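First the structure, in the form of structure tokens, and then the observations on it.
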Protein chains: 2
Amino acid sequence: MKKFSRQRQAILECLKNTNCHPSAGWLYDNVRKEIPNISLGTVYRNLAELSQSGDILSFTPGDGTERFDGNTKPHYHFYCSSCRSVIDVDIPTIEDLDRKAAETLGCEISYHNLIFYGICRNCRESQ
Amino acid sequence: MKKFSRQRQAILECLKNTNCHPSAGWLYDNVRKEIPNISLGTVYRNLAELSQSGDILSFTPGDGTERFDGNTKPHYHFYCSSCRSVIDVDIPTIEDLDRKAAETLGCEISYHNLIFYGICRNCRESQ
DNA sequence: CCCCACCATAATAATCATTACTATTTTAAT
DNA sequence: ATTAAAATAGTAATGATTATTATGGTGGGG
């Protein structure tokens with residue numbers, strides 16, 4: 001049976017209260033403010049479990065880190081190739097895509113992941 | 001000035017002649033059949049350069065590896081969560097998405113990357 | 001309320017992909 | 001052929017993630 005843990009709760013809270021799509025390392029640094037001796041392995045394990053159970057989302061922008069998202073409503077992301085920040089893209093998701101792809105491939109699709117790449121406004125302006 | 005190298009040529013050839021969307025490690029193993037003492041660093045460096053120059057594409061399915069593609073025509077991918085293989089998805093790319101996202105975000109978008117997730121036909125049947 | 005089996009944790013070591021470094025070799029322009 | 005720039009092989013180092021293990025916390029049954 002799955003048991004309650006203060007650590008998992010704190011990680012989930014931290015992720016729900018930010019919109020910066022952090023990595024495991026960022027969450028580790030920030031949860032440590034509340035639980036100073038939390039272990040990095042604990043952060044990784046809980047993020048994997050929460051992701052597995054569907055309580056959070058995860059994706060890889062391609063900079064060598066996995067990013068997590070407390071917002072489980074399907075949506076797309078923008079990744080700034082300059083500052084490595086991730087921003088939500090508020091356009092409707094195309095649910096029909098999964099059906100089309102499944103038809104073409106002849107297999108079932110669980111979901112899709114869409115990331116836009118470019119330079120964010122901050123970075124563009126501060127050049 | 002950019003100089004010719006047998007190694008870069010072999011890497012590009014190898015990538016153009018497969019449809020398996022390999023990782024750097026796979027390319028290293030396979031190019032070694034032709035150039036046995038090629039260095040892994042050489043493979044990584046050339047893949048980065050070829051990707052930068054637009055001669056190849058790259059993406060990260062999220063299993064901790066970067067995958068490369070000799071087909072530079074924009075298209076989408078399917079990743080099998082069971083066998084970790086990548087398959088091209090032959091549906092038209094939605095170029096309009098970049099414009100829509102750019103409008104919403106107020107910044108320029110260079111491109112987008114779309115990956116479908118599920119279990120491929122082979123894996124489904126062999127269960 | 002206390003015991004116990006089980007789950008989760010902290011701390012650390014190990015792994016894996018990728019990148020950095022450096023001395024040597026290759027390329028191509030003169 | 002000479003030479004400077006570019007690329008390489010081999011190796012070390014990095015950084016993110018995963019595995020290990022002994023210890024501590026949780027919650028149900030007695």
Side-chain angles (χ1 to χ4, degrees), chain A residues 1-15 20-53 55-69 79 81 83-86, chain B residues 1-15 20-53 55-69 79 81 83-86:
Chain A
M1 175 227 170
K2 178 152 238 164
K3 295 188 179 176
F4 171 87
S5 98
R6 189 163 73 96
Q7 286 84 346
R8 176 166 45 242
Q9 197 64 23
I11 292 163
L12 186 56
E13 281 297 310
C14 188
L15 189 54
C20 79
H21 307 83
S23 64
W26 187 95
L27 285 162
Y28 175 58
D29 291 339
N30 281 268
V31 171
R32 268 214 286 188
K33 292 169 187 167
E34 192 185 341
I35 307 176
N37 71 329
I38 192 171
S39 173
L40 183 55
T42 297
V43 175
Y44 273 101
R45 181 170 28 75
N46 278 295
L47 285 171
E49 287 171 7
L50 289 166
S51 186
Q52 200 83 41
S53 62
D55 293 312
I56 65 174
L57 295 180
S58 86
F59 58 97
T60 55
D63 63 353
T65 64
E66 181 166 17
R67 303 298 188 95
F68 299 91
D69 195 334
Y79 176 81
S81 305
C83 67
R84 301 184 163 192
S85 64
V86 172
Chain B
M1 174 226 171
K2 178 151 237 165
K3 297 186 178 178
F4 170 88
S5 99
R6 188 162 74 95
Q7 286 84 346
R8 183 186 310 122
Q9 198 64 23
I11 292 162
L12 186 55
E13 281 297 311
C14 187
L15 190 53
C20 80
H21 307 82
S23 64
W26 187 95
L27 284 162
Y28 175 57
D29 290 339
N30 281 268
V31 171
R32 269 214 286 188
K33 290 169 187 168
E34 192 184 340
I35 308 176
N37 71 328
I38 193 172
S39 173
L40 183 55
T42 297
V43 175
Y44 272 101
R45 180 168 30 74
N46 278 296
L47 286 171
E49 287 171 7
L50 289 166
S51 185
Q52 201 83 41
S53 62
D55 293 313
I56 65 174
L57 296 180
S58 85
F59 58 96
T60 54
D63 62 354
T65 65
E66 182 165 16
R67 303 299 189 94
F68 299 91
D69 195 334
Y79 177 81
S81 305
C83 66
R84 300 184 164 193
S85 64
V86 172

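It should be emphasised that the depicted structure is a prediction, and the values quoted were computed from it without experimental measurement.
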Closest heavy-atom pair and its distance - A:Leu12, A:Asp55: CD1-O, 4.4 Å
Between B:Arg67 and B:Arg6, which residue's closest nucleotide on DNA chain C lies nearer the 5′ terminus? B:Arg67
Residues which pass side-chain hydrogen bond (donor to acceptor under 3.5 Å, both in side chains) with B:Glu66, listed by chain and number, not counting sequence neighbours: B:Ser58
Considering all heavy atoms, the nearest A:Val31-A:Cys14 contact: CG2-CB, 3.9 Å
Does any part of the side chain of A:Cys20, heavy atoms only, come nearer than 4.5 Å to the side chain of A:Trp26, both counted from C-beta? yes
Identify the heavy atoms of B:Ile56 and B:Ser51 that sit nearest to each other, and give their distance. CG1-N, 3.5 Å
Can you measure B:Gln52 atom CD to C:dT19 atom C1' for me and round it to whole angstrom units? 15 Å
I need the B:His21 NE2 to B:Leu15 CG distance, nearest 0.5 Å. 9.0 Å
Nearest non-hydrogen partners of B:Tyr28 and B:Ile38, listed with the distance: CE1-O, 3.3 Å
Shortest non-hydrogen pair, A:Leu27 vs A:Val43, comes out as CB-CG1, 4.3 Å
First-last contacting nucleotides on DNA chain D - partner chain A, under 4.0 angstrom, heavy atom: D:dA16 to D:dG27
Applying salt bridge (Lys or Arg N to Asp or Glu O under 4.0 Å), can you list everything that pairs with A:Asp63, at least two apart in sequence or on another chain? A:Arg67
Do the non-hydrogen side-chain atoms of A:Lys2 and A:Glu49 ever get within less than 4.5 Å of each other? yes
Can you list, by residue number, the residues of residues 29-50 of chain B that have a non-hydrogen atom closer than 4.0 angstrom to DNA chain D? B:Asn37, B:Ile38, B:Ser39, B:Thr42, B:Arg45, B:Asn46
Here the distance between atom C1' of C:dT15 and atom CG of B:Asp63, to the nearest Å, is 15 Å
From CD of B:Gln9 over to P of C:dT27, roughly how many Å is that when rounded to an integer? 12 Å
Could you pull out the protein-nucleic contacts involving nucleotides 5-7 of chain C (nitrogen or oxygen on both sides, under 3.5 Å)?
unit_1, atom_1, unit_2, atom_2, d
C:dC6, O2, A:Lys3, NZ, 2.9

Which residue, B:Thr65 or A:Gln7, contacts DNA chain C at a nucleotide closer to its 5' end, judged by nearest heavy atom? A:Gln7
Going by side-chain hydrogen bond (donor to acceptor under 3.5 Å, both in side chains), name the residues that satisfy it together with A:Arg84, two or more places apart in sequence or in a different chain. none
